[in-house]
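Structure, as structure tokens:
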Amino acid sequence: MPEASHIPDRLQATLGLDEPVSRVRLVSPARAKALEKLGIRTVRGLITHFPRRYIDLSARETAASARIGESCTIEGVIHDVKLKRPKPRLALVEIGVTDSTGVVIVTAFRQPWLAEQLSAGMRVAIAGKIEFNYGFKRMVNPQILPLEGSDAPAHGLVIPVHPAGEKVTPALMRRFVSNALELAEGVLDPMPLELRVKYRLVSRQVAFRAIHFPESLAEAHEARRRLAYEEVLLLELHLMQQGAVRSRGHVPTAHEIAGPRMQALDAAIPFTLTDEQQQARLDILGEMAQPHAMNRMLLGDVGTGKTVVAAFAIAAAADTGGQALLLAPTEVLAQQHERSLGKLFDAAGITHAVLTGSTSESERAELLSRLAAGSLDVLIGTHALLEDDVRPSNLTLAVIDEQQRFGVAQRAKLLAKGDAPDALFLTATPIPRTLALALFGNLTLTYLKHRPHDAARRTTRVLAKSERGYAYDAAREALGRGEQVYVVCPLVGKDTQERDAMAGEGAAASREEPDGGAYHPTVAIEDDADLEHDDVAAATREAEMLQGSTFFDWRVELLHGGLPFSEKQQVMQRFHDNETQVLVATTVIEVGVDVPNATVMIVEDADRFGLSQLHQLRGRVGRGEKPARVFLVSASKQDVALERLRAMETCDDGFELARIDLSLRREGDILGNRQSGASVLKLVNVVRDGGLIEAAHADARELLENDPDLDAPDHAALGREVRLLLGATRAGEGG
């Protein structure tokens with residue numbers, strides 16, 4: 001019975017994780033508000049506010065031994081602190097740190113409060129990358145750790161560096177976390193014992209303590225391994241349970257997959273499917289023939305034939321007496337699907353139509369009437385399909401193209417228009433398998449990795465701003481041969497403009513985050529609404545400049561997100577017909593434009609885009625028989641930004657580029673911010689932790705096969721954590 005007496009305490013500690021952060025000792029109401037600005041509202045939020053790195057005071061260098069270009073930790077005494085303002089909106093603090101062997105100059109950009117927090121004579125540890133200029137070894141924006149006084153660390157020689165803010169210093173954050181861990185003493189471990197034994201994982205309580213205040217870096221690694229596995233396991237369980245809920249209480253359709261429309265569609269396609277496309281078709285149709293709701297994602301690089309494979313799924317729905325909805329993120333793409341698939345559907349006897357925000361009221365009413373009566377086999381459309389009055393008679397298939405551009409709630413709303421319809425999600429954003437499992441663990445994955453035909457030879461070259469004339473020369477040569485050119489202007493959001501305005505000349509911090517991390521492009525084009533922030537003025541100036549000077553012998557037109565859809569269509573039609581030779585555009589051209597005669601693309605400020613987006617952009621050229629050239633122009637001096645772009649010169653595989661992008665940037669930057677689950681992965685790196693993700697996915701599937709609701713006694717704590725995750729994810733969902 002002695003152990004039983006501890007159960008209430010353990011339960012109290014577990015339930016206490018989700019109490020307000022104000023329960024933690026030293027967290028006053030004002031400090032609770034400061035923590036809330038960092039996204040911390042509960043005791044759990046504080047405990048899972050993990051260190052982003054550690055300072056290992058057991059492995060220090062001296063000012064003399066520290067090597068240029070390498071990161072290290074140096075302990076010394078502050079000699080002086082100077083606050084400087086070289087520009088009105090640029091503040092920097094310069095700190096001289098000395099030890100017995102020499103001096104290191106610390107430059108801290110946009111952190112003026114350090115001038116008040118630090119003073120001469122204080123003993124500190126500084127951790128960062130050593131540079132050398134103006135005769136001194138220097139560190140720019142290093143981590144500065146006081147080693148004496150109230151801010152000195154109280155835990156060993158390995159010091160955690162937590163993300164902090166101006167009103168919550170790293171030292172204060174360490175105290176908050178330490179006090180929160182006291183409240184979590186004895187917390188129940190939701191991990192089933194068999195999994196802890198299988199992977200030799202430490203307990204949750206030990207992991208919480210060790211990840212924040214480890215005795216060694218090896219101990220921190222073991223704690224991180226345990227908690228990272230827990231993160232993925234909970235997410236996979238949540239996603240799989242979420243997928244199962246959709247068909248619960250419904251009778252899914254077992255589709256006919258060898259009917260007359262299917263055979264007619266097969267005969268109408270003017271080419272032979274590749275082996276990879278054939279296999280994808282077999283996998284999809286085989287699952288559609290089963291009496292359960294399909295949840296499948298078809299991932300394919302640009303030009304691999306995802307749409308034609310999806311057409312066979314639509315034919316199966318029509319042969320079964322069902323209907324299909326095909327949802328696209330933009331009117332441009334919806335209209336292109338209507339043009340490319342319409343002829344095939346006509347030949348197969350599949351009735352079809354397109355519905356967008358530009359559809360007239362009378363035409364809309366007629367389409368919805370046909371849909372409700374069951375006389376329309378497939379309706380292609382944009383967000384207009386999500387309206388409440390769009391009511392299919394018998395929806396048995398929902399196809400969502402560029403699915404990552406839609407929010408979780410939007411996808412669910414489309415699927416709710418039928419009785420557990422089969423779902424086929426398409427994406428041209430190359431998502432490596434481990435990331436796809438982490439974000440879409442409830443989906444079966446099918447990949448198309450090869451283009452059906454060898455595209456024309458396409459080369460990519462990165463140019464500095466000063467070298468852009470080389471790109472224009474190549475463009476003029478192509479125009480002289482009767483070919484056409486894209487010039488892509490970047491999207492510049494308010495945050496980007498403000499950050500750039502604050503940056504100093506060549507300041508190392510100009511494209512760094514406050515925590516000193518690498519620069520991450522902020523561009524994310526997910527649907528027409530995102531194009532409202534087009535820098536139309538800059539694009540207009542670019543078009544006028546090019547028309548008046550560089551390309552004065554040819555017609556230049558401008559395409560941007562602010563144009564009415566009818567005007568976009570007219571501009572693109574003129575470009576398609578070669579009435580316009582140079583198209584200056586924002587990334588509205590990323591999808592939906594197919595001009596085989598376009599052979600040159602110039603992307604301005606290319607470092608603002610992700611590699612996957614750049615790869616899709618360059619997929620607009622080289623679509624015919626002629627070789628194509630892509631020029632990525634960048635003014636960036638940042639090594640990370642340029643390293644990313646140079647990968648485009650040697651790699652034409654979208655999935656490999658996505659892997660490279662993931663190794664340098666966040667998952668959310670690759671896919672936008674609308675993916676359920678992306679925000680809960682605090683410790684997992686989908687490139688580094690691929691094996692862990694695969695294992696957790698398999699373990700989650702096995703757990704749910706044996707206990708679908710996780711209500712067995714051994715799984716009760718795990719089930720509660722999954723339900724808490726579901727609530728947190730719903731709270732964080734966007735449109």
Specify the closest pair of heavy atoms between [X] and [Y], including all atoms of both residues, with the distance to one decimal.
X	Y	value
L35	M173	CD2-CE, 3.9 Å
S634	D607	OG-OD1, 2.8 Å
F109	N141	N-OD1, 2.8 Å
V124	P146	CG1-CA, 4.0 Å
V206	V202	CG1-CB, 4.0 Å
L546	V487	CD1-CG2, 3.9 Å

Main-chain N/O of [Y] paired to [X] side chain as donor or acceptor, under 3.5 Å:
X	Y	result
E94	K82	no
H212	P160	no
D99	A63	yes
Y54	F213	no

If you round to the nearest 0.5 Å, how far is [atom2] of [Y] from [atom1] of [X]?
X	Y	atom1	atom2	answer
L118	I78	CG	CD1	4.5 Å
L724	L234	CG	CG	9.5 Å
F609	L614	CZ	CG	6.5 Å
L645	L632	CG	CG	6.0 Å
R174	T169	CZ	OG1	7.5 Å
I130	F136	CD1	CZ	13.5 Å

Is any side-chain heavy atom of [Y] closer than 4.5 Å to one of [X]?
X	Y	result
L217	V158	yes
L17	T42	no
F176	V21	no
L92	P86	yes
T107	R138	yes
D689	Y229	no
I95	I144	yes

Taking atom types as modelled, is there a side-chain donor on H615 or R618 under 3.5 Å from an acceptor on the other?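 Yes, side-chain donor-acceptor contact under 3.5 Å.
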Where do V43 and V24 land on the side-chain contact (heavy atoms from CB on, under 4.5 Å) test, with the steps shown first? CA-CA 7 Å; V43 177; V24 176; 4.0 Å; yes
Classify the ring geometry between Y470 and F631 as parallel (under 30°), tilted (30 to 60°) or perpendicular (over 60°).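 It falls in the perpendicular class, over 60°.
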Of K167, R31, R41, the residue whose pairing with E36 passes salt bridge (Lys or Arg N to Asp or Glu O under 4.0 Å):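 So, applying the salt bridge (Lys or Arg N to Asp or Glu O under 4.0 Å) to E36 and each of K167, R31, R41, only R41 qualifies.
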Working note: R23 + L183, criterion side-chain contact (heavy atoms from CB on, under 4.5 Å); need CA distance, chi angles, decisive distance, verdict. CA-CA 9 Å; R23 266 211 66 202; L183 293 177; 3.4 Å; yes
Go through it in stages, so that I can follow the logic: the residues are C72 and M139, the test is side-chain contact (heavy atoms from CB on, under 4.5 Å), and I'd like the CA-CA distance, side-chain angles, deciding distance and then a yes or no. CA-CA 10 Å; C72 65; M139 285 187 184; 4.0 Å; yes
Should we count CD of E116 as having more than 12 external heavy atoms under 6.0 Å?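 Incorrect, the count does not exceed 12.
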Counting only heavy atoms not in K33 (residues, nucleotides, ligands), do more than 12 fall under 6.0 Å from its NZ?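 Counting other residues, nucleotides and ligands, NZ of K33 stays at 12 neighbours or fewer.
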Looking at [Y] and [X], is there a salt bridge between them, counting it only when a charged N and a carboxylate O are closer than 4.0 Å?
X	Y	answer
E231	K682	no
E230	R226	yes
E222	R225	yes
E61	K137	no

Taking side-chain contact (heavy atoms from CB on, under 4.5 Å) as the criterion, tell me which of V488, L463, V633, V462 meets it with V603.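 The side-chain contact (heavy atoms from CB on, under 4.5 Å) with V603 is passed solely by V488 among V488, L463, V633, V462.
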Could you walk me through whether R209 and E215 pass salt bridge (charged side-chain N to carboxylate O under 4.0 Å, His left out), step by step? CA-CA 10 Å; R209 174 67 60 177; E215 294 296 324; over 6 Å; no
Can V140 and K129 be said to form a side-chain contact (heavy atoms from CB on, under 4.5 Å), step by step? CA-CA 7 Å; V140 176; K129 187 176 181 179; over 6 Å; no
